[in-house]
Amino acid sequence: MSANSNHSNDMTEIREGDIVFECPDCGKSMAIEAAGAGLMVPCVTCNRQVQVPIPDANTPEVRIPGRASAPVIHPNGDPHETIRQLDAALAYANEQTDRLVAEKEALQERRAFLEQLRMAHTERLQQLANEVQQMQDTLDRIGILLTEIRTERPM
Ligand SMILES: [Zn+2]
């Protein structure tokens, strides 16, 4: 896999989804297909190994779960047909309810997980603060000792 040169007069080389990046050494603008994210590629101009940037993982594609459109009820005078349509509508409503309940449970699980993570971080921060405080105390004691040693030393 190699990076394409990105001359201003042949922008057609860049396809949608390509990662456009610059050589940190010579500033050469290059483009590579999305699959090249994170790879080391030689700069097309100065041959320096350049790491292809990885697109921001925090902005994934938003995927809306597939949902069939609600069945339409067309009463046409045939009671059997109307009942069939109502059954279909009911089945659809039940499916949607199940889906929403599952989604809600997944969100609750996620929230519980994030809460645990937050608490673990808070605990760790407290530990670190205690350690820093202990270190500070030790430094203070060393400082006092050094002052004492200096003042006790006969000049
Ligand atoms: Zn370069």
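What you see is a predicted model; the values in this text were computed from it and never measured. Heavy atoms only: backbone and side chains are in, while hydrogens, waters and symmetry mates are out.
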Heavy-atom pair of closest approach, residues [X] and [Y]:
X	Y	answer
E22	V50	O-CG1, 4.1 Å
M30	P42	SD-O, 4.5 Å
G36	V52	O-CB, 3.3 Å
A34	I19	O-CD1, 3.7 Å
T45	C26	CB-SG, 4.0 Å

Using 0.5 Å steps for rounding, measure from the [atom1] atom of [X] to the [atom2] atom of [Y].
X	Y	atom1	atom2	answer
L145	D140	CG	CG	11.0 Å
R110	L107	CZ	CG	9.5 Å
I142	I149	CD1	CD1	10.5 Å

So that I can tick it off, tell me whether E103 and R99 are bridged by a salt bridge, with the cut-off set at under 4.0 angstrom between side-chain N and carboxylate O.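 Salt bridge between R99 and E103, a charged N being under 4.0 Å from a carboxylate O: yes.
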For a quick check under 3.5 Å, do N130 and Q126 share a side-chain donor-acceptor pair by atom type?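 N130 vs Q126: donor-acceptor pair found between side chains.
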Strictly by modelled atom types, are Q85 and E81 linked by a side-chain donor-acceptor pair under 3.5 Å?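 There is such a pair between these side chains.
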With side chain to side chain contact (heavy atoms under 4.5 Å, CB included) as the test, would you mind laying out the steps for K28 and V44 before giving the verdict? CA-CA 8 Å; K28 179 69 185 174; V44 292; 3.8 Å; yes
Could you walk me through whether K104 and L100 satisfy the side chain to side chain contact (heavy atoms under 4.5 Å, CB included) test, starting with their C-alpha distance in whole Å, then the side-chain angles of each, then the deciding distance to 0.1 Å, before giving a yes or no? CA-CA 6 Å; K104 188 181 133 219; L100 288 172; over 6 Å; no
Residue pair C43 / Q49, side-chain heavy-atom distance below 4.5 Å: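 Contact flag for C43/Q49 side chains = no.
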Given side-chain hydrogen bond (donor to acceptor under 3.5 Å, both in side chains), test R124 with Q127 step by step and report yes or no. CA-CA 5 Å; R124 183 70 189 129; Q127 274 176 14; 2.7 Å; yes
Where the side chain of E33 meets the backbone of D18, is there a donor-acceptor pair that is under 3.5 Å apart?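 No, E33 side chain to D18 backbone: no donor-acceptor pair under 3.5 Å.
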Start with the C-alpha gap between F21 and V41, add the side-chain angles, then the distance that decides, and say whether side chain to side chain contact (heavy atoms under 4.5 Å, CB included) holds. CA-CA 11 Å; F21 60 105; V41 294; 3.9 Å; yes
Side chain to side chain contact (heavy atoms under 4.5 Å, CB included) assessment of L86 paired with T82: CA-CA 6 Å; L86 286 172; T82 304; 4.2 Å; yes
